[in-house]
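In listed order, ligands and their atoms are each counted from 1.
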Amino acid sequence: MKSTVSIAFLAAPALGSGHLIARQSSLDYNAAPPNLSTLANASLYGIWRPKAHVLPLYGSTGDPCMHYTDPSTGLFHVGYLHEGASGATTSDLVIYTDLNPNSEPFIRAGGVNDPIAVFDGSVMERGINGTPTLLYTSVSYLPIQWTIRYTKGSETQSLAMAADGGRNFSKLEHGPVIPAPPFALNVTGFRDPYVFQNPQFDRILGSSNGTWYTTISGGVHDQGPSLFLYRQYEKDPDFQTWEYLGQWWHEQANTTWMGEDWAGRWGFNFEVGNLFTLDQAGYNSEGEIFVTMGAEWSYAPIVPQVSDNRDMLWAAGTQSLVDGELKFEPTMAGKLDWGRSAYAAAGKHLPASSLPSQKSGARDRFITYLWLTGNFYGILDFPTQQQNWTGSLLLPRELSVGYIAVVDNALAREKGSWKIYGETLNGTVMLATLQQSIAREPLAAFKQNATNVITQPGGQVSSNRTFDQSPSSKHYILSTSITFPSRANNDLKAGFTILSGRHERTHIYYQFSNESIIVDRSNSSAAATTTPGINTDNEAGKLRLFDVPGDGAGSKVESLDLTIVVDGGIVEVHANGRFALSTWVWSWHEGSKDIGFFVGGGEVQFGEVGVWEGLVDAWPLRSPGE
Ligand SMILES: *[C@@H]1O[C@H](CO)[C@@H](O)[C@H](O)[C@H]1NC(C)=O
Ligand SMILES: *[C@@H]1O[C@H](CO)[C@@H](O)[C@H](O)[C@H]1NC(C)=O
Ligand SMILES: *[C@@H]1O[C@H](CO)[C@@H](O)[C@H](O)[C@H]1NC(C)=O
Ligand SMILES: *[C@@H]1O[C@H](CO)[C@@H](O)[C@H](O)[C@H]1NC(C)=O
Ligand SMILES: *[C@@H]1O[C@H](CO)[C@@H](O)[C@H](O)[C@H]1NC(C)=O
Ligand SMILES: *[C@@H]1O[C@H](CO)[C@@H](O)[C@H](O)[C@H]1NC(C)=O
Ligand SMILES: *[C@@H]1O[C@H](CO)[C@@H](O)[C@H](O)[C@H]1NC(C)=O
Ligand SMILES: *[C@@H]1O[C@H](CO)[C@@H](O)[C@H](O)[C@H]1NC(C)=O
Ligand SMILES: *[C@@H]1O[C@H](CO)[C@@H](O)[C@H](O)[C@H]1NC(C)=O
Ligand SMILES: *[C@@H]1O[C@H](CO)[C@@H](O)[C@H](O)[C@H]1NC(C)=O
Ligand SMILES: *[C@@H]1O[C@H](CO)[C@@H](O)[C@H](O)[C@H]1NC(C)=O
Ligand SMILES: *[C@@H]1O[C@H](CO)[C@@H](O)[C@H](O)[C@H]1NC(C)=O
């Protein structure tokens, strides 16, 4: 969580209730756009608004956080920062119900511990008296930034308990339970507590079964980013006292996992760290240790108050006791999302006993939601009042350990966002990596409930051409598989042109020259030519297509399995169960709906392309017109 963003929250006017959002029906989406910054408030409410994503009725969406399954109802609660923190419940990860009218918060800043702001927190499902209990960062001073001197007492960790089914979290009438960073450490940040229980930690630390732990994200000036580890003191049932167990993970300042190629930079300060354990099927308390975290960094020289770069990373690894302290050592790392606006992932163990999992038959899962900032962390001069809302969460994702059998060659052996899991005698090697895919329920609902299905035949394609039929809206999911003849041709590119028409188009394609998926937004928005704050920079992320055993004796290039979700202005690109890149495409023209094949430098084989239109209205209980 970044302080400039919270300043924006504080500056937001208090909302009344029961407002209808005014819409300006006179806007002509068949003509060139005016300067959108000059339009009336809320006149752009609908054009880029997603249907199927989680976001409040209006105002800013900040970091997702504070998710939990309520043991008494089985409902999954999804939270996000919004005038404090707000949220919704879901019984299927598809349809959401606001906890409070007008997406009003369940906790607000302004108490004794948190006079200035409420930052991210996490929930113990059975906390004090068995009630869901929130441990969150209570803020007393701003600004807070890793680039400036840390103000003592600015971030503390406090408790609040669920009341009224989670519609209100009441703050406990005492001071913070973690009142200060560890003794004499000059921290860069100390926030976003992430609570968890884990038998592997109990065993190695000699704790009682079921002990709660929390990480706190941050770093140390001149030393680097860290996750600080704490333990509930001797099963103190009131969670009043937390014992500091050291810097569970620390990296040297401004270092990387390996260059910047596959896993960005560790940076100077960690934020929003989550710690959890996975196996091939999902969440498993005895599984492999994973972390997701935001890394903040900057190109030198460090400019006070400016953190121009953030990476949303994951890492897996092992832990051991070193001089009595538990230490984490990564064995692989990568990006959870390559989009520069995608950040602050917050996940939670979703048990098989939860309502969503009972309905879908899923076993224990780890579900994470990312934030897609709508104004690039507050620095874009986007027409915010005209849109009336800013930012969104991305679709929920299921995380697990993924295994791929590939040909044992230099491509597999190189250090990247994978590791060697095991070798075979026949020349293949098993790789392990983080597997991530859109949660099964929304994926199925988008296909089952499509209002129109377009099936475009594939085949050998060597030129750009538009599909036989275009979708009738900007809300759909597209999926296909692309097979490349060989990696010999470095000029080869293939993918799709979407949101395309006479005046605008966006290309999404894989290119071999640097093993990247590119989202070329340079011609994506006519509004960018009239209006400040409509960013059209390209986005790019790395995905290695390995050599895999062929049908006969030989090998072939792994196919590219693409799923693209277009939901208003949001575009999510998912590939091969291990790559995601999410961004905004602010297309203006009504006619910018065509989809086409995009190919350069040769011929590739497209599988049949399915386009399921309509997605699902995630908020049927919000009144029409709002
Ligand atoms: C438009 O919104 C801004 C900020 O929310 C507010 O200050 C202004 O009064 C609004 N203008 C009108 C005409 O409602
Ligand atoms: C929660 O309830 C308490 C006690 O009634 C009240 O003071 C507080 O304002 C409520 N919080 C929110 C976010 O409505
Ligand atoms: C903490 O770090 C800041 C930034 O490097 C520095 O200005 C300050 O002097 C340090 N404080 C202490 C007590 O070392
Ligand atoms: C803790 O749980 C494990 C199984 O998860 C069990 O084998 C062990 O006996 C338990 N220890 C205590 C102290 O209850
Ligand atoms: C961080 O590392 C990068 C790349 O190695 C270097 O260009 C930059 O100067 C370093 N930044 C600082 C603040 O040391
Ligand atoms: C959004 O519109 C509502 C209803 O007109 C208004 O009350 C609110 O202030 C607006 N909020 C923002 C953030 O623009
Ligand atoms: C999908 O459609 C069916 C009937 O067509 C409906 O009963 C169901 O509620 C829809 N599901 C969602 C998630 O919209
Ligand atoms: C498809 O369009 C792109 C971008 O305009 C261009 O670079 C590429 O050469 C085109 N492909 C062919 C086969 O003409
Ligand atoms: C997109 O490219 C076309 C030429 O193909 C150009 O006329 C148009 O102005 C461009 N639009 C934007 C939004 O860059
Ligand atoms: C659009 O309007 C805004 C707000 O009045 C102004 O700051 C900006 O310069 C205008 N942009 C253009 C391209 O005219
Ligand atoms: C790959 O190269 C393109 C230019 O062709 C560049 O825009 C992109 O950023 C590169 N990919 C990555 C992951 O840096
Ligand atoms: C080699 O063995 C693995 C594991 O048994 C199998 O998955 C793979 O298909 C085999 N590869 C070849 C080239 O036969």
Within the 4.0 Å heavy-atom cut-off, what Phe169 brings close to ligand 2 is neither
Should the proximity of Ser170 to ligand 2, defined as any heavy atom under 4.0 Å, be assigned to the side chain, the backbone, both, or neither? neither
List for me each residue that meets ring-ring contact (aromatic ring centres under 6.0 Å, His included) alongside Tyr96, sequence neighbours excluded, and say none if there are none. Trp619
Does Lys542 use its side chain to pair, donor to acceptor, with the backbone of Ser417 at less than 3.5 Å? no
Geometry only, no angles: is Asn464 polar-contacting ligand 8 at N/O separations under 3.5 Å? yes
Check: Asn254 N/O within less than 3.5 Å of ligand 5 N/O: yes
If you count the atoms of ligand 8 from 1 in the order shown, which ones are under 4.0 Å from a heavy atom of Val599? 1 (C), 10 (C), 11 (N), 12 (C), 13 (C)
Say whether Ser559 and Thr483, considering side chains only, have a donor N or O and an acceptor N or O under 3.5 Å apart. no
Using 0.5 Å steps for rounding, measure from the CH2 atom of Trp371 to the CE atom of Met312. 12.0 Å
Should you measure from each heavy atom of Phe598, which atoms of ligand 8 turn up under 4.0 Å away? 2 (O), 3 (C), 4 (C)
Per-atom filter on ligand 5: closer than 4.0 angstrom to a heavy atom of Phe268 are 13 (C)
Using modelled atom types only, decide if a donor and an acceptor are shared between the side chain of Ser525 and the backbone of Trp586 within a distance under 3.5 Å. yes
Starting from atom 2 (O) of ligand 2, find the nearest protein heavy-atom neighbour and note its residue, name and distance. Asn168 ND2, 2.3 Å
Please check: side-chain N/O of His82 versus main-chain N/O of Ser60, any donor-acceptor pairing under 3.5 Å? yes
Enumerated ligand 2 atoms positioned under 4.0 Å from heavy atoms of Pro105: 13 (C)
So which heavy atom in the protein is nearest atom 13 (C) of ligand 8, and how far is it from that ligand atom? Ser462 O, 3.3 Å
For Arg521, run the side chain to side chain donor-acceptor pair (under 3.5 Å) check against Thr583, Asn538, Asp537 and tell me which one passes. Thr583
Please could you name the atoms of ligand 2 that Phe106 approaches to less than 4.0 Å, counting only its heavy atoms? 13 (C)
Tell me if a side-chain donor or acceptor on Thr133 pairs with a main-chain N or O of Met124 at a distance below 3.5 Å. no
Flag: protein heavy atom within less than 4.0 Å of atom 4 (C) of ligand 2: no
For ligand 2, does Ile107 get within less than 4.0 Å through its side chain, its backbone, both, or neither, judged by non-hydrogen atoms? backbone
Sub-4.0 Å protein heavy atom near atom 9 (O) of ligand 2: no
Would you mind listing which atoms of ligand 8 come within a distance below 4.0 Å of any non-hydrogen atom of Ser463? 13 (C)
Evaluate salt bridge (Lys or Arg N to Asp or Glu O under 4.0 Å) for Arg191 paired with Glu296, printing each intermediate quantity in order. CA-CA 14 Å; Arg191 57 181 167 275; Glu296 293 188 290; 3.7 Å; yes
Looking at CD1 of Ile498 and CG of Leu478, how far apart are the two atoms once the value is rounded to the nearest 0.5 Å? 8.0 Å
